[in-house]
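In what follows, every chain begins at residue 1, and chains take the letters A, B, ... in the order their sequences are listed.
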Amino acid sequence: MVPAVPALRRALISLPRTPPSPPPSSPPRQILRLHSFSPTPHEEPCDPQNSSATLLRRAAALLNSAAQPSHLSQIHAILLSSGILRCSPSLAAKLFLSAADLGLIHQARHLLDEIPGPSVPLWNAAIRLHSRHGAFVDALLIYDKMLHQGVVPDGLTLPPVLKACGGLPTPTVGRAVHAHILRRGFETDLFVQNGLVAMYAKSGWIPCARAVFDRLSDRNVVSWTSIISGCAQNGFPLEALQIFARMQSSSDVRPDFIAIVSVLKAYMDIEDLDQGSSVHGLVIKLGLDDEPDLVITLTAMYAKCGQVHTARSLFDQVPSPALILWNAMISGYAKNGFASEAVELFREMIARHTKPDSVTIRSAILACAQLGSLEVGKWIEDYTGHSPFKDDIFVKTSLIDMYAKCGSIARAHRVFECISNKDVVVWSAIIMGYGLHGRGREAIHLFEEMKCAGVRPNDVTFVGVLSACNHAGLVDEGWKYFCSMRDYGIEPRHQHYACVVDLLARAGHLEKAYEFVRSMPMEPEVTVWGALLNACKIYGHVGLGQYAAEQIFALEPLNAGHYIQLSNIYASAGMWSDVAKVRVLMKEKGVTKAIGCSLIEINGKLHSFRVGDKLHPRSKEIFEMLSELERKLKKSGFVPHMGSVLHDLSMEEKEESLCNHSERIAIAFGLISTAPGTTLRIMKNLRACVNCHSATKLISKLVGREIVVRDINRFHHFKDGLCSCGDYW
DNA sequence: CTAGGGTTAG
């Protein structure tokens, strides 16, 4: 009789129970003939002994053939109601093992309680079953009960117990079990020792995991893998790789595919593709390149490191990809700017009748957000609504983000409203969305509402609020919120500082902004100097602009936008020789201006235009519309803002007339290809230029259309001659 | 009869 360790008991009492999953509700497919079990009148009704024996025999025979959960449930129910289960522990045990084999946790649990004194293998099976299915607390409670009944665990009891401990947030229980193990002498049991290493590793207690590992006299591939993956998963990728190197040099343990997967994870984390590829070589040498799980990890690694083409070639070699392989490829595309490839692959997946999970759907939604296409966005929401993930809060949050980025804040809000338990990320997403659309007041209102609802803002929420204030020119509010961050114990990051600099500078408080930059506790990065430079352009402040530009050139010498900003500052001040100098500087450094490009979506298809683009099949009509627009603009007294011509640094581009800017062509195309009154949605890769911005305002009025333009930073909603940004961008 | 790994993150 061994008493339960008090520490283990104490630790267990404090644990929350895992909420039980509902028992399977699907009705039995095939109804067993119930009456054949129950004692029937013609079968010696007056002799319960005899009929019980018959029943037992029949039940045992049926149990041997009961491969389906529904059959098992029925047998269970019948035996239970007849009270016979209590008379025959061996039958109960048999029934229990069948239930365990079928993964029927609830029934197995119920049956275990029916068995008077379960044997050690039975206890082991029960613990293993719960541990495998993630019911860790239950697994431990069963273990506790076992100890309490004075049953002595064997070598097979502890591995699943340790696995359950490793699944808990802290290794408190694990340590108690460890103490147990020490007292009982499982020092030479490799399974138990490996379990300890994995338990500490999973809980993030790497030094403890290492201590156990280092004391092992005998190590197999599982011991090595446990410690390697422990390091890789807890932010010590370099240690993981060192240990792998040691494994190869100082042991004759041959890595198997699971070991390699763990190693690749470490390379993935440090994004060391060169080393990662060399492991790919090792995989081939070991003859493991056909291992499906390794193909998944390799694909994920290449995809995550931006080598989407290499990833795709691996993907294409798999005849029927598993769900997570689809996920790795689709998310790889989405994260690396291959949005249309991601959406296309998602469609292919559906066409091939592979059911996506919430990870797939989230990746697909992310791709839609990047694509900016409202049509594709609506399609994916529709798809999501018919999927089992329609109520998933992660999915809904990505939908909010997606609609905001596709230009429909109304749709984003609709999704937002329908979420019952809004967490901080949901609120942050909608606040960010309103900010993106220049609706700062509403963003602030939502922020206050969120606080009233008792949701605590985090650093991301503050980025949202600050950028919302910024886009709407709400200087005082923005400053107030920035100062309130510390009340919430949030230390402002660089991004928050950048927002404030932009906020102050754009509103004309250049000196204040500069002072603020100097007071920053970290080195200002490009975004901060860029905000200053931009404001200097707006307010014609040459000196500070020059200084900011110098800082930027040192940090990011190859981005043409900064040179153009500086050049524009000089041009506005009439400093033509300095304009020329900037041009020379650009040439010396080999910086070329990004070519403006606008996209417009018509009937779900994207059309792209560049400056002066004549490549479109309907080019002739487009240019007729362009001249008509220009006529209308002139007639209503529109004067082009000549400053915008100065954007173009090369002589060739200077010759381009302003009305050839790409967004104007996209608008013209939109007008000739849609019904009157249809909203036009345009995306461009640069910031809106001053001239196009005022022209578009007027055009929206002249043609009676709402025009939504997503530029590189934000949205502009043009309507009735006005823009939602209030000319503040 | 036991053990180690993999997609993702608004």
Side-chain angles (χ1 to χ4, degrees), chain A residues 97 100-101 120-122 124-125 127-129 131-132 153-163 166 189-199 201-202 209 213 219-230 232-233 240 253 255-266 268 291-301 303-304 311 315 321-332 334-335 356-366 369 392-402 404 415-416 419 422-430 432-433 458 460-461 464:
Chain A
L97 288 171
D101 273 351
V120 175
L122 227 49
N124 292 352
I127 297 170
R128 194 164 53 237
L129 172 70
S131 192
R132 270 192 191 151
D154 66 7
L156 277 94
T157 317
L158 289 155
V161 168
L162 288 168
K163 186 187 167 75
D189 188 318
L190 192 53
F191 281 95
V192 174
Q193 295 298 319
N194 285 347
L196 278 171
V197 176
M199 183 271 292
K202 275 240 174 64
F213 176 81
R219 297 176 187 128
N220 64 8
V221 66
V222 178
S223 330
W224 289 100
T225 308
S226 300
I227 191 71
I228 290 171
S229 70
Q233 282 168 6
V253 176
D256 65 0
F257 76 95
I258 299 182
I260 302 280
V261 164
S262 312
V263 170
L264 284 174
K265 170 94 176 75
M268 233 158 116
E291 186 55 57
D293 291 359
L294 259 176
V295 176
I296 293 172
T297 307
L298 283 167
T299 308
M301 179 185 73
K304 195 177 175 188
F315 178 89
L323 175 61
I324 53 175
L325 181 55
W326 285 103
N327 288 354
M329 198 61 235
I330 292 172
S331 73
K335 268 213 310 242
D357 67 358
S358 74
V359 172
T360 332
I361 291 185
R362 260 141 56 194
S363 300
I365 296 174
L366 176 67
D392 182 306
I393 193 162
F394 276 64
V395 167
K396 288 200 169 195
T397 317
S398 8
L399 283 175
I400 295 176
D401 176 68
M402 182 274 291
V415 176
F416 169 78
I419 301 176
K422 303 178 179 72
D423 69 8
V424 63
V425 194
V426 169
W427 286 100
S428 304
I430 193 75
M432 193 74 95
N458 64 16
V460 181
T461 325

Taking protein heavy atoms under 4.0 Å as touching, what does nucleotides 4-10 of chain B look like 5' to 3' if B marks base contact, S marks sugar-phosphate-only contact and - marks none?
-> BBBBBSB

Looking for any heavy atom pair under 4.0 Å, which part of the strands does A/P159 touch: base, sugar-phosphate only, or nothing?
-> base

Rounded interatomic separation in angstrom, taking CE from A/M199 and C1' from B/dT2 = 17 Å

In whole angstrom, give the distance that lies between atom CG of A/L122 and atom P of B/dT2.
-> 17 Å

Residue pair A/I400, A/I419: steps toward the side chain to side chain contact (heavy atoms under 4.5 Å, CB included) verdict = CA-CA 11 Å; A/I400 295 176; A/I419 301 176; 4.0 Å; yes

Between B/dA3 (P) and A/L162 (CG): distance, integer Å = 11 Å

Using a heavy-atom cut-off of under 4.0 Å over every strand shown, decide if A/R132 touches base, sugar-phosphate, or nothing.
-> sugar-phosphate

To the nearest 0.5 Å, tell me how far A/N194 CG sits from A/I227 CD1.
-> 10.5 Å

Atom OG1 in A/T397, atom CD1 in A/I393: separation rounded to 0.5 Å?
-> 5.0 Å

Judged by modelled atom types alone, do A/D154 and A/T157 share a side-chain donor-acceptor pair under 3.5 Å?
-> yes

Name all residues meeting the salt bridge (Lys or Arg N to Asp or Glu O under 4.0 Å) criterion together with A/K202; count only those two or more places apart in sequence or in a different chain, and write none if there are none.
-> none

Drop me the distance from A/D357's CG to A/R362's CZ, to the nearest 0.5 angstrom.
-> 8.0 Å

Using a heavy-atom cut-off of under 4.0 Å over every strand shown, decide if A/G230 touches base, sugar-phosphate, or nothing.
-> nothing

